[in-house]
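The block underneath contains the structure these notes are about, expressed in structure tokens.
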Amino acid sequence: MIALVDCNNFYCSCERVFQPELAGRPLVVLSNNDGCIVARSNEVKAMGIAMGSPLFKVRDLVRRHQIVVRSSNYSLYGDMSQRVMRTLEPLSPIVEAYSIDEAFVYLDGLKVDIMEHARLLRRTVLQHTGIPVSVGIGPTKTLAKAASKLAKSDPRHEGIFSVADPAARDVALERLAVKDVWGVGPRYARMLAREGIVTARALRDADLAWVRQKMTIGGMRTVLELRGQRCFHAEMEPPPSQQIVRSRSFGRAVESLEDLEQAVAMHASRAAEKLRGQHLAAGLASVFIATNRFKSDSPQYGNSITVKPAIPTDATNTLIACTLRGLRRIYRPGYAYKKAGVMLMDLTSATDAPQSLFAELQSPQSSSLDPTLDAVNRRFGPNTLRYAAVGFEHPWAMRRQFCSPRYTTCWNELPAVKVRV
DNA sequence: TCTGGGGTCCTAGGACCC
DNA sequence: TCTGGGGTCCTAGGACCC
């Protein structure tokens with residue numbers, strides 16, 4: 001069996017650990033710029049305030065119910081998450097940290113009473129960290145997730161629910177809405193509802209070939225998992241990242257190229273830090289900017305461009321140089337920009353990249369306006385100049401660059417207001 | 001003028017997760 | 001006035017090569 005250990009209202013619970021007087025009081029934690037509600041205490045959930053609600057839309061409720069409002073503190077949550085995971089580790093041979101607030105705890109091979117062990121997990125995490133958790137138990141990850149939803153649905157379960165028993169499973173899955181199944185998002189839920197499938201049980205019993213056709217291979221795996229067949233296995237160490245994104249909305253819209261340059265340079269530098277933290281090098285760097293998509297009455301513009309360094313790199317100044325060149329090409333004056341970001345892609349192991357180049361970049365004698373280019377050209381010869389902004393190796397790649405909407409689409413000419421980044 | 005078959009790589013778009 | 005920030009996977013189709 002697998003137990004999913006899920007921290008209740010995680011960010012709110014973390015805040016309460018350090019401010020116990022918040023216990024029992026309605027509490028929300030906000031996203032960046034204090035824009036949206038990203039965590040709600042049970043009291044707030046009971047008021048019907050939805051996850052992701054913009055704060056300004058629920059101001060009245062917040063005032064009326066004296067809801068306590070907190071900005072988010074991600075280093076605190078990351079630290080608390082680690083404490084929870086470390087607490088779980090001695091209690092199971094395999095603990096897979098799935099997200100900041102969830103872990104799959106494998107009970108296979110443990111000679112214990114499963115419900116008793118679930119109570120132990122719950123009690124120990126609460127004692128060691130102060131975080132309340134729910135535990136869902138099932139033979140597959142999807143069923144354990146389903147069980148944890150049910151554990152939270154009724155306080156009489158005291159935070160623990162099991163679908164280990166096949167006979168009880170039918171009743172349990174009948175009670176679970178199909179939209180609450182792991183792997184079924186809003187789009188699939190709507191499609192399934194049109195087909196008359198509204199419960200987890202109905203999805204489990206649906207025709208496999210039909211599911212495969214309508215929901216692709218992932219949907220098929222979900223159904224098999226609901227039937228008790230394991231398709232999603234434990235991943236002990238996370239696979240290396242395929243992309244690294246750093247982006248933020250601005251607190252206030254900006255118009256000037258200089259402001260955007262500052263933001264993009266900062267994002268590039270933070271993204272490069274993340275990159276080096278994972279010992280990776282980036283083969284492509286993308287930069288994107290966008291206006292405020294919620295302001296449908298003001299002119300909209302959004303664009304992105306992908307820039308290719310001559311060689312995969314993890315050097316901050318190279319990545320800043322690339323992204324700033326890209327930015328200058330997509331920047332259009334006269335718009336109120338609300339968001340900017342940098343994405344690093346085509347990631348490879350940094351040990352495969354020529355380290356000495358980076359050593360060279362560190363050295364203070366690089367002097368020209370673009371020390372990165374200097375270093376690259378000294379090392380690889382002047383032809384390496386097809387570096388950065390317009391750097392594509394083949395004529396057809398160049399053509400694609402100018403034809404592909406990804407690189408060139410500007411929405412400001414279109415009647416429909418649509419911003420893509 | 002019309003016409004093959006097999007393969008790879010890349011991208012866009014759509015879905016999902018937290 | 002004020003609306004988050006990361007990620008992944010799958011599929012179809014286009015462009016290329018021989």
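A note on names: the letters A, B, ... follow the listed sequences, proteins ahead of strands, and every chain is numbered from 1. The analysis underlying the following values was restricted to heavy atoms, covering all of them including side chains, and did not include hydrogens, waters or symmetry mates.
- Between the CZ atom of Arg190(A) and the P atom of dG14(B) there is a distance of 13 Å, given to the nearest Å.
- As rounded to whole Å, 11 Å separates atom P of dG5(C) from atom CE of Met266(A).
- Using a 4.0 Å cut-off between charged nitrogen and carboxylate oxygen, Asp165(A) and Arg169(A) do not count as a salt-bridge pair.
- A salt bridge between Lys141(A) and Glu96(A) is present, with a side-chain N of the basic residue lying under 4.0 Å from a carboxylate O of the acidic one.
- Spacing between atom CE of Met345(A) and atom C1' of dT11(B) amounts to 11 Å, rounded to whole angstrom units.
- Listed candidates were dT3(C), dG6(C), dT11(C). Nearest to the side chain of Arg212(A) is dT11(C).
- Here Arg252(A) does not reach the OP1 or OP2 of dT1(C): none of its side-chain N or O atoms lies under 4.0 Å away.
- Relative to the ring axis of Phe288(A), Lys339(A) does not place its NZ or CZ within 45° and under 6.0 Å from the centre.
- For Arg187(A) and dA15(B), the CZ to P distance is 4 Å, given to the nearest whole Å.
- Closest contact between the side chain of Arg221(A) and the listed nucleotides dG4(C), dC17(B), dC10(C) involves dC10(C).
- When rounded to the nearest whole Å, the span between CZ of Phe250(A) and C1' of dG4(C) equals 14 Å.
- Pair check for dC10(C) finds dG13(B); Watson-Crick or G-U wobble, both atom distances under 3.5 Å.
- Comparing dG4(C), dG6(C), dC17(B) by their closest approach to the side chain of Arg246(A) singles out dG6(C).
- If you take OH of Tyr11(A) and P of dC18(B), they are 12 Å apart, rounded to a whole angstrom.
- Closest to the side chain of Trp182(A), from the set dC17(B), dG5(C), dG4(C), is dC17(B).
- Using a 4.0 Å cut-off between a side-chain N of Lys or Arg and a carboxylate O of Asp or Glu, Arg175(A) and Asp180(A) do not qualify as a salt bridge.
- Between the CD1 atom of Ile244(A) and the C1' atom of dG6(C) there is a distance of 11 Å, rounded to whole Å.
- Listed candidates were dG6(C), dC18(B), dT3(C). Nearest to the side chain of Lys57(A) is dT3(C).
- Considering only side-chain atoms of Gln242(A), the nucleotide from dT8(C), dT3(C), dG4(C) that sits closest is dT8(C).
- Considering only side-chain atoms of Arg293(A), the nucleotide from dG5(C), dG4(C), dC18(B) that sits closest is dG4(C).
- You'll find that the side chain of Thr216(A) is closest to dT11(C), out of dG4(C), dT11(C), dC18(B).
- For Phe56(A), the listed nucleotide lying nearest its side chain is dC2(C); candidates were dC9(C), dC18(B), dC2(C).
- Residue Tyr98(A) contributes atom OH, which lies 8 Å from atom P of dC17(B) at whole-angstrom precision.
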ring-ring contact (aromatic ring centres under 6.0 Å, His included) assessment of Trp182(A) paired with Tyr188(A):
CA-CA 11 Å; Trp182(A) 192 40; Tyr188(A) 283 160; over 10 Å; no
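- The side chain of Tyr188(A) lies closest to dC16(B), out of dC16(B), dG6(C), dC18(B).
- OP1 or OP2 of dG5(C) has at least one side-chain nitrogen or oxygen of Ser249(A) nearer than 4.0 Å.
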